[in-house]
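To keep things clear, I will list the structure first and then write my remarks on it.
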Amino acid sequence: MKISTFFYILKQGFTNIRRNILFSLASIGTIISCLFIFGIVYAVVVNFQSGMQDLENNVTISIFFDEDIPDETVQLIGEQIRVLDYVNTMDFISADEAFDKFCEQNYDDPEAAKAAFGDDNPLKNSASYEVTLKDVSKQAEFVAFAKGLDGVRNVRSSEVTADSISTLSSLVGYASVGIVVILMLVSIFLISNTITIGITVRKEEIAIMKLIGATNFFVRAPFIIEGIIIGAVGSVIPLYLLYIMYQKILEYVAGRFAVLTSVFAFVSKEELFRTMVPVGLILGIGVGLFGSLITTRKHLKV
């Protein structure tokens with residue numbers, strides 16, 4: 001393609017937008033609204049998933065051993081668990097550590113309670129491995145595996161918590177995908193209408209261009225450029241607004257609700273927008289490109 005042809009097509013794309021400025025603004029406004037809502041949904045979902053991941057990391061499975069089990073068998077059990085790819089962390093809790101933890105959780109004066117028992121540890125058979133999983137939905141599979149290991153007396157887990165986290169994560173994921181699909185379809189519809197009007201307005205001009213030998217690409221390209229420009233403008237504006245808004249929210253929460261930030265760690269703006277920016281641009285430009293392509297195919301029988 002010649003440089004002059006490229007600039008002509010680009011100029012015609014901007015001209016099409018100016019000729020149908022109201023419909024173009026409506027399309028841009030729709031994409032802005034859709035991507036703004038998408039950004040809000042995305043930020044909520046990412047922070048929710050981060051919180052769910054923190055919860056998953058706190059869902060501990062305790063594996064207890066048979067009485068008087070040799071240390072070699074305990075180590076073998078640990079090695080068999082450690083090789084599983086969905087195991088996140090594994091910590092060995094000795095009987096003394098278990099007793100110390102019990103005293104700290106149940107007595108106002110843990111040291112006095114431990115002194116009262118002296119050298120007699122009532123939890124002498126409570127040594128265990130405390131395991132967390134990368135994916136809490138794997139809990140049932142892991143529990144079945146652990147119970148089948150030689151030397152394992154009992155496996156303690158919280159199936160209700162694991163199932164609740166897994167179900168809630170799936171529901172939020174499906175709901176967010178559904179919302180995004182609906183918003184994108186609305187945007188494509190409006191862009192298609194805008195370009196259809198542009199084609200109608202230039203119907204005679206397009207016919208003359210074909211008569212003098214213009215190629216299909218030369219006729220269609222300005223409308224495709226129009227869709228891309230609408231999509232690009234409609235994606236940049238909400239991304240900028242979302243960045244400012246998210247930064248203000250983080251500052252406000254940190255200043256007014258310091259206790260909340262200590263309990264729930266919000267995803268940083270750098271981490272969030274590292275993915276949101278390219279995704280938002282791809283969605284916006286992709287919607288504009290797709291809307292213009294299907295419209296020109298339908299209405300430009302050239």
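Everything numeric in this text was worked out from a predicted model, so none of it was measured.
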*If you measure from CG on Leu289 to CD1 on Ile225, what distance do you get to the nearest 0.5 Å?*
9.0 Å

*Could you tell me the separation between the OH atom of Tyr42 and the CG atom of Asn47, rounded to the nearest 0.5 Å?*
10.5 Å

*Spell out, yes or no, whether Phe92 and Leu76 are grouped together once hydrophobic residues are joined by side-chain heavy atoms under 4.5 Å, including indirect joins.*
no

_Nearest heavy-atom neighbours spanning Thr73 and Asp150_ = CG2-O, 4.0 Å

*At their closest point, which heavy atom of Tyr129 faces which heavy atom of Val74, and how far apart are they?*
OH-O, 2.8 Å

*Ion pair check, Lys138 and Glu141, cut-off under 4.0 Å*: yes

_Tell me the closest heavy-atom pair linking Ala146 and Val155, and the distance in Å._
CB-CG2, 3.9 Å

*asked:* Hydrophobic clusters here meaning ILVMFWY residues chained together by side-chain heavy-atom distances under 4.5 Å, can you tell me if Ile93 and Val152 are in one?
replied: no

*If Ile, Leu, Val, Met, Phe, Trp and Tyr residues are connected whenever their side-chain heavy atoms lie under 4.5 Å apart, and connections chain through other members, are Leu133 and Val83 in the same group?*
no

*Main-chain N/O of Phe65 paired to Arg153 side chain as donor or acceptor, under 3.5 Å*: yes

_Residue pair Ser235 / Gly280: nearest heavy atoms and the distance that separates them_ = CB-O, 3.6 Å

*Do Thr132 and Thr60 have side-chain N/O donor and acceptor atoms under 3.5 Å apart?*
no

*Is the backbone of Gly29 close enough, under 3.5 Å, to the side chain of Ser33 for a donor and an acceptor to pair up by distance?*
yes

*Asn154 side chain to Phe64 main-chain N or O, any donor-acceptor pair under 3.5 Å?*
no

*Looking only at heavy atoms, what is the nearest atom pair of Met276 and Leu242, with distance?*
SD-CD1, 4.1 Å

*Output every pair passing ring pair (Phe, Tyr, Trp, His ring centres under 6.0 Å) with a member in residues 225-246, not counting sequence neighbours, ordered by first then second residue.*
Tyr243-Phe273

*asked:* To the closest 0.5 Å, what do you measure between CD1 (Ile230) and CD1 (Ile32)?
replied: 11.0 Å

*asked:* Using 0.5 Å steps for rounding, measure from the CD atom of Glu270 to the CD atom of Gln247.
replied: 8.5 Å

*Indicate the atoms forming the closest heavy-atom contact of Val131 with Met90, along with that distance.*
CG2-CG, 3.8 Å

*Decide yes or no on side chain to side chain contact (heavy atoms under 4.5 Å, CB included) for Ile69 and Ile77, but give the supporting numbers first.*
CA-CA 11 Å; Ile69 186 174; Ile77 293 172; 4.2 Å; yes

*Starting at CG of Leu250, measure out to CG of Leu272 and round the result to the nearest 0.5 Å.*
8.5 Å

